[in-house]
Visitor: 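Handing you a structure now.
The figures that follow rest on heavy atoms only: side chains count, while hydrogens, waters and symmetry mates do not. Keep in mind the model is a prediction, meaning the values are calculated, not measured.
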Amino acid sequence: QVQLVESGGGLVQAGGSLRLSCAASGNIFSINAMGWYRQAPGKQRELVAAITSGGSLLYADSVKGRFTISRDNDKNTVYLQMNSLKLEDTGVYYCHADHYIDSYTLREVWGQGTLVTVSS
């Protein structure tokens with residue numbers, strides 16, 4: 001089975017930085033795309049950033065210029081560098097992956113989430 005393990009969350013003051021990591025392991029034939037979502041209490045989970053196997057990038061408007069998503073293909077790991085953090089960035093951040101388990105079967109998997117708290 002494929003698993004995603006997130007790390008790097010924590011408490012940080014507004015204006016500070018954090019780097020999240022997500023490592024995928026298991027029966028992965030190939031990865032189509034990986035991304036980060038976040039969810040604040042009482043709010044809908046939203047896409048923060050995503051990166052495809054070809055290197056295409058997607059960011060939510062609210063994080064453009066502050067967050068950077070990157071990957072290490074050899075380790076099936078994706079990172080989210082978060083700079084200039086704001087109070088509204090607070091939430092549980094979830095890693096997500098679309099992957100092939102063989103040459104034609106696409107599956108998706110979610111990580112357990114890591115909490116990011118931005119304080120004033």
Side-chain angles (χ1 to χ4, degrees):
Q1 299 295 321
V2 174
Q3 293 184 346
L4 302 178
V5 179
E6 299 127 319
S7 62
L11 176 65
V12 64
Q13 289 187 326
S17 299
L18 284 174
R19 189 190 192 211
L20 306 183
S21 298
C22 174
S25 62
N27 185 27
I28 303 173
F29 184 79
S30 65
I31 291 179
N32 182 54
M34 296 185 72
W36 291 94
Y37 292 71
R38 69 185 179 191
Q39 187 169 22
K43 295 185 177 180
Q44 182 67 42
R45 185 176 300 186
E46 63 175 347
L47 176 66
V48 177
I51 184 168
T52 70
S53 60
S56 297
L57 305 175
L58 176 66
Y59 295 98
D61 288 340
S62 60
V63 307
K64 286 182 179 178
R66 300 188 298 118
F67 291 10
T68 303
I69 189 169
S70 61
R71 71 187 191 280
D72 183 335
N73 290 331
D74 292 335
K75 296 183 177 181
N76 288 326
T77 299
V78 66
Y79 307 93
L80 185 67
Q81 179 66 46
M82 304 185 293
N83 298 326
S84 301
L85 283 161
K86 303 176 180 180
L87 293 177
E88 53 263 41
D89 294 319
T90 293
V92 178
Y93 284 68
Y94 297 91
C95 184
H96 178 267
D98 293 325
H99 66 279
Y100 287 92
I101 61 173
D102 52 35
S103 61
Y104 53 84
T105 306
L106 185 65
R107 299 281 173 82
E108 66 174 338
V109 64
W110 291 91
Q112 80 287 347
T114 185
L115 178 63
V116 172
T117 303
V118 183
S119 68
S120 62

Visitor: Say whether W110 and V92 are linked into one hydrophobic cluster, either directly or through other cluster members, by side-chain heavy-atom distances under 4.5 angstrom.
Guide: yes
Visitor: Dump the intermediate steps for side chain to side chain contact (heavy atoms under 4.5 Å, CB included) on D89 and R66, then the final yes or no.
Guide: CA-CA 11 Å; D89 294 319; R66 300 188 298 118; 2.7 Å; yes
Visitor: With sequence neighbours excluded, what pairs up with R107 under the side-chain hydrogen bond (donor to acceptor under 3.5 Å, both in side chains) test?
Guide: none
Visitor: The criterion is side-chain hydrogen bond (donor to acceptor under 3.5 Å, both in side chains); which residues satisfy it with N76, sequence neighbours excluded?
Guide: none
Visitor: Tell me if a side-chain donor or acceptor on E6 pairs with a main-chain N or O of Q112 at a distance below 3.5 Å.
Guide: yes
Visitor: Kindly write out the residues that satisfy side-chain hydrogen bond (donor to acceptor under 3.5 Å, both in side chains) with S120, not counting sequence neighbours, or none if the list is empty.
Guide: none
Visitor: Would you kindly confirm whether F67 and V118 end up in one hydrophobic cluster when ILVMFWY residues are joined by side chain heavy atoms under 4.5 Å apart?
Guide: yes
Visitor: Taking only residues two or more places apart in sequence, or in another chain, which ones meet S119 in a side chain to side chain contact (heavy atoms under 4.5 Å, CB included)?
Guide: L11, Q13
Visitor: For the pair H96 and Y37, name the ring-plane relationship: parallel under 30°, tilted 30 to 60°, perpendicular over 60°.
Guide: perpendicular
Visitor: Can you list every side chain to side chain donor-acceptor pair (under 3.5 Å) pair that touches residues 48-59, not counting sequence neighbours?
Guide: none
Visitor: Kindly write out the residues that satisfy salt bridge (charged side-chain N to carboxylate O under 4.0 Å, His left out) with K64, not counting sequence neighbours, or none if the list is empty.
Guide: D61
Visitor: Is it true that V109 and M34 fall in one hydrophobic cluster, defined by side-chain heavy atoms closer than 4.5 Å?
Guide: yes
Visitor: Would you mind reporting whether V116 and R38 have side-chain heavy atoms less than 4.5 Å apart?
Guide: no
Visitor: If I take atom OH from residue Y94 and atom CD from residue E46, how far apart are they, to the nearest 0.5 angstrom?
Guide: 12.5 Å
Visitor: Which one of L47, V78, I51 satisfies the side chain to side chain contact (heavy atoms under 4.5 Å, CB included) criterion with W36?
Guide: V78
Visitor: With the 4.5 Å side-chain cut-off for hydrophobic clustering, are L80 and V12 part of the same group?
Guide: yes
Visitor: Under the salt bridge (charged side-chain N to carboxylate O under 4.0 Å, His left out) rule, collect the residues that match up with E108, sequence neighbours excluded.
Guide: none
Visitor: With sequence neighbours left out, what residues match R19 under salt bridge (charged side-chain N to carboxylate O under 4.0 Å, His left out)?
Guide: none
Visitor: Could you report the tightest heavy-atom contact between N83 and S17, atom names first, then the distance?
Guide: OD1-OG, 2.8 Å
Visitor: I'd like a table of donor-acceptor pairs (distance under 3.5 Å, sequence neighbours excluded) in which one partner is a side-chain atom from residues 21-33, with atom names and distances.
Guide:
none

Visitor: When clusters are formed by joining ILVMFWY residues with side-chain heavy atoms under 4.5 Å apart, either directly or through shared neighbours, do L115 and L4 land in the same one?
Guide: no
Visitor: For T68, is there any backbone N or O sitting under 3.5 Å from a side-chain donor or acceptor partner on Q81?
Guide: no
Visitor: The criterion is side chain to side chain contact (heavy atoms under 4.5 Å, CB included); which residues satisfy it with A60, sequence neighbours excluded?
Guide: S62, V63
Visitor: Listing request: all salt bridge (charged side-chain N to carboxylate O under 4.0 Å, His left out) pairs with a residue in residues 67-79, at least two apart in sequence or in separate chains.
Guide: none
Visitor: For Q3, what residues pass the side-chain hydrogen bond (donor to acceptor under 3.5 Å, both in side chains) criterion, not counting sequence neighbours?
Guide: none
